Structure formats: C-alpha cells, structure tokens
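The model shown is predicted, which means the values in this text are computed figures rather than measured ones.
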Amino acid sequence: QVQLVESGGGLVQAGGSLRLSCAASGRTFSVYSMGWFRQAPGKERESVAAISWSGGNTYYADSVKGRFTISRDNAKNALYLQMNSLKPEDTAVYYCAASPGTYGSSWSAYDYWGQGTQVTVSS
C-alpha cells in the first residue's frame, strides 16, 4: 500500500499562487503514476493533472493548462502541484492519488488517495 498526505492548501486571492505537496510512504513511490484531483462542493471529483512514474509524461485538464504544473521527486517520495494565476473557480478540496497503471484522468484508475487539502481562492 501507499499512504499519501497532502499539504500546502490555504486561502489565496485571485491571481495568486499556491504549491501543493503530497508526501508518499509505504511501497516504492517511483513505480506509481500520480495524479491530482479536486472536488468542489456540490460537484463531482475532477482530474486536474497527472504524471507518469518517471515524470516524463504529463496530463492537464483544459481548465488548468498554462497555469498549473505537476512534478514529482522520486528521491523524496513527493508529488507537487504548482498553481499560478488562481481563479475563484479553482476553489476545491485537492487530492493526490497513486495508480499502479498508466497515468491518466480517470479517477477509477487510482487505487490510493490522500485525505485532501482545501484550496480557497477569493475574488
């Protein structure tokens, strides 16, 4: 199993930046594809970004392209999401997740989830 713990959320004004981190423990982190998802109140969970086990391939939802950057440091068992030019519609609980398979946007491919971190963007 993999245990995931997110951090870095908070309250920020529109146009600001935040960097989310996800610390992994347990089985070898580097074998997993990783993803960031978010869920706003009353809405379904949606994919934000994903990254392959090596970090060589990434995916971004259209809504965050050009503003968010996903990265990982396998030596530190860590996943990151740099969020710039934040908008009020980015407000949500953000989750990191690990998949034993290929990276992608489908939440069903991810077996392990963190508890989430709240991101609130004020207008």
Classify the ring geometry between F37 and Y110 as parallel (under 30°), tilted (30 to 60°) or perpendicular (over 60°).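 Answer is perpendicular, since the angle exceeds 60°.
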Output the distance between atom [atom1] ([X]) and atom [atom2] ([Y]), rounded to the nearest 0.5 Å.
| X | Y | atom1 | atom2 | answer |
| --- | --- | --- | --- | --- |
| R45 | W113 | CZ | CH2 | 4.5 Å |
| Q82 | R67 | CD | CZ | 12.0 Å |
| C22 | L4 | SG | CG | 4.5 Å |
| Y32 | S99 | OH | OG | 9.5 Å |
| L18 | N84 | CG | CG | 9.5 Å |
| I51 | C96 | CD1 | SG | 12.5 Å |

Is a side-chain donor or acceptor of [X] paired with a backbone partner of [Y] at a separation under 3.5 angstrom?
| X | Y | answer |
| --- | --- | --- |
| E6 | T117 | no |
| S52 | N57 | yes |
| Y103 | A49 | no |

Could you tell me if the side chain of [Y] sits less than 4.5 Å from the side chain of [X], heavy atoms only?
| X | Y | result |
| --- | --- | --- |
| P100 | V31 | no |
| V121 | E89 | no |
| Q1 | S25 | no |
| T69 | L81 | no |

Please answer: with hydrophobic residues joined when any side-chain heavy atoms are less than 4.5 Å apart, are [X] and [Y] in the same cluster?
| X | Y | answer |
| --- | --- | --- |
| Y95 | F68 | no |
| W53 | Y60 | no |
| V64 | V119 | yes |
| F29 | Y112 | yes |

Would you call D90-K87 a salt bridge at under 4.0 Å N-O?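 Between K87 and D90 there is no salt bridge, as every charged N stays at least 4.0 Å from the carboxylate O atoms.
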Trace of the side chain to side chain contact (heavy atoms under 4.5 Å, CB included) decision for R38 with S63: CA-CA 12 Å; R38 67 186 181 188; S63 58; 3.5 Å; yes
Would M83 and L20 count as a side chain to side chain contact (heavy atoms under 4.5 Å, CB included) here? Give the steps. CA-CA 8 Å; M83 305 186 294; L20 304 184; 3.7 Å; yes
Think R72 forms a cation-pi with Y80, using NZ or CZ under 6.0 Å from the six-ring centre and within 45 degrees of its axis?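 No.
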Going by atom types alone, do T28 and S30 pair a side-chain donor with an acceptor below 3.5 Å?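 Note: T28 and S30 side chains miss the donor-acceptor criterion.
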Heavy atoms only: give me the nearest L11-S122 pair and the separation to one decimal.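 Nearest heavy atoms, L11 then S122: CD1-CB, 4.4 Å.
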Take S47 and W36 through the side chain to side chain contact (heavy atoms under 4.5 Å, CB included) test and state the conclusion after the steps. CA-CA 6 Å; S47 174; W36 285 101; over 6 Å; no
CD (Q115) with more than 12 external heavy atoms under 6.0 Å: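 Correct, the count exceeds 12.
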